[in-house]
Amino acid sequence: MTQPCEIAQLGAKVLRQHAEIVQHVDSPEIQQIIKDMQTTLATTQGVGLAAPQISRLKRIIIVASRPTTRYPTAPLMAPTVMINPVFEALSNEKEKDWEGCLSIPGIRALVPRYKAIRVQYTDEQGNPVEQKLEGFVARVLQHEADHLEGKVYLDRVESTEDIISESEYFKLFTRREVSL
Ligand code: NI
């Protein structure tokens, strides 16, 4: 039985370190990290999680899109485990939209992200996967991939005026939004 893990909070060194490439997807260590991440994410309102957020410096993320107020057409997808994800932008076009983070409670910010990307990763069974992602799902992936480089979304805001408190954010939207 896997217990949810504590989520590292901004200021924790682990959130500022590079995660290591996963060599053996089928190793008990990696499979346990995946289980821990799934269990932990399921206890939150999050739509994504990166291994460094549970203090494991491995290149593993989970993307778990669901429709939200701002992204009503976002696909409802089963949480997808992506190991060693690498992405490229399909065009230089970026758009700004709101993000939050389970490691940075209490605030939201407008973050520019590529609108469309192509991602390659290994799934939890060790199979190579290539996908094109756009909009909200592409945003979640870029946010989680940043965690693998020791970056958080606040590093990408264009102006400190684009950072607001969560309570003010909730006034902008009618219902509670999720965190990445
Ligand atoms: Ni995050």
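Both counts, for ligands and for their atoms, begin at 1 and track the order of listing. What's counted below: heavy atoms across the whole structure, side chains too, no hydrogens, waters or symmetry copies.
Looking at Ser103 and Gln53, their side chains do bring a donor and an acceptor atom within 3.5 Å of each other. Judged by distance alone, the side chains of Asp146 and Gln142 never bring a donor and an acceptor atom under 3.5 Å apart.
The pair Asp162-Arg108 does not meet the salt-bridge criterion, since no charged nitrogen lies less than 4.0 angstrom from a carboxylate oxygen. Under a 4.0 Å N-O distance rule, the pair Glu134/Lys115 does not qualify as a salt bridge. A salt bridge links Glu29 with Arg56: at least one charged nitrogen is closer than 4.0 Å to a carboxylate oxygen. Using a cut-off of 4.0 Å between Lys/Arg side-chain N and Asp/Glu carboxylate O, Glu158 and Lys94 are scored as not salt-bridged.
For the Ni ion (ligand 1), protein N, O or S atoms closer than 2.8 Å were enumerated as Cys101 SG, His143 NE2, His147 NE2, with waters left out.
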